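Counting starts at 1 for both ligands and their atoms, in listed order. Please read these numbers as outputs of a predicted model, since none were measured by experiment.
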Amino acid sequence: MTRAKICGITRETDLDAVVAAGADAVGLTAAVTVDTPRETSITRATDLAAAVPPFVTSVLVTMPDSVDRAVELVDRVEPDAVQLHGNLRPDAIAAVRERAPVKVIAAVDATDSAVDAYADAADALLVDSVDEQGGGGTGETHDWERTADLVADLQTPVILAGGLTPDNVAEAVETVRPFAVDVASGVEAEGGVKDHDAVRQFVERAESAVVSA
Ligand SMILES: O=C(O)c1ccccc1N[C@@H]1O[C@H](COP(=O)(O)O)[C@@H](O)[C@H]1O
């Protein structure tokens, strides 16, 4: 079964809906260097992370400019995992993994040539369609066949992100066969506010998509 993460939660009511829908992970976006309606304050991300129930993974999605800052953010928010976007190189990702008491997800653009190094450095690789500043949440899909090759080649779990919606997630899972899928803008009623029906459909279709042997 393919796991589902719903990213960019800013409100308790959306957190409750995401948990009720059966999502495996919840993304809280804080301290990012791009302008996004899904960003929350560090305090709010901390409160939301504390409200995530057992057996659901809270993920801090952030864009630190150094290893120290990444570790500081993890210490403050206390998530179960941290998803790092931006300019940290693979050796910095490895250093965060060593120092922070959480699983580390490296977010990379689908066309990044250093993808193998990131996969070695992190606990999981999130393959996204990132913007020029390294941010996600673009609502753009990428070449799924290329990401399918990565999934086949790498030992590290691959999370597929970028432009996923309830309408395309089953096809995405069938094509790429990722460990998990991740969505932010594709299940929103408006920027930063989740559409609860879309969340339910996304999780159900991701988890029930058929992955042939
Ligand atoms: O959601 C954002 O705005 C964001 C900002 C900065 C870094 C990461 C961000 N989101 C991540 O990007 C993926 C894909 O987003 P989308 O589904 O294409 O809108 C999302 O799942 C988040 O992990």
Can you tell me the protein heavy atom closest to [atom] and the distance?
atom: atom 13 (C) of ligand 1; value: D128 OD2, 3.2 Å
atom: atom 3 (O) of ligand 1; value: T36 OG1, 2.7 Å
atom: atom 19 (O) of ligand 1; value: S185 OG, 2.5 Å
atom: atom 11 (C) of ligand 1; value: G137 N, 3.7 Å
atom: atom 7 (C) of ligand 1; value: G136 N, 3.2 Å

Taking the side chain as every heavy atom from C-beta outward, state whether [X] and [Y] have any atom pair closer than 4.5 Å.
X: L15; Y: V26; value: yes
X: F202; Y: V181; value: yes
X: I93; Y: L84; value: yes

Which of the atoms of ligand 1 are close to [X], meaning less than 4.0 Å from one of its heavy atoms?
X: V34; answer: 5 (C), 6 (C)
X: G139; answer: 16 (P), 18 (O), 19 (O)
X: V61; answer: 8 (C)

Nearest option to atom 17 (O) of ligand 1, as decided by whichever heavy atom of A184, A25, G162, C7 sits closest: A184
Which is closest to atom 1 (O) of ligand 1 in terms of heavy atoms, R38, K5, H85? R38
Is the contact between D182 and ligand 1 made by the side chain, the backbone, both, or neither, using heavy atoms and a 4.0 Å cut-off?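 It is both backbone and side chain that touch ligand 1.
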If two hydrophobic side chains count as joined below 4.5 Å and joins carry through other members, does L48 share a cluster with L60? yes
Would a hydrophobic clustering, with Ile, Leu, Val, Met, Phe, Trp and Tyr connected at side-chain separations under 4.5 Å, put L28 with V96?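 They do share one cluster, since a chain of ILVMFWY contacts under 4.5 Å joins L28 to V96.
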Salt-bridge present (E207, R3; N to O < 4.0 Å):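 R3 and E207: not salt-bridged.
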Are any of the side-chain nitrogens in E72 or R99 under 4.0 Å away from the carboxylate oxygens of its partner? no
Ligand 1 to T29 polar contact by distance, N or O atoms, under 3.5 Å: no
Short N/O distance, under 3.5 Å, between L126 and ligand 1? no
So, 4.0 Å and heavy atoms of G163: is ligand 1 close enough to count as a contact? yes
Which value, rounded to the nearest 0.5 Å, describes the distance between K5 atom NZ and I159 atom CD1? 7.0 Å
When rounded to the nearest 0.5 Å, the distance separating CG of N87 from CE of M63 is 7.0 Å
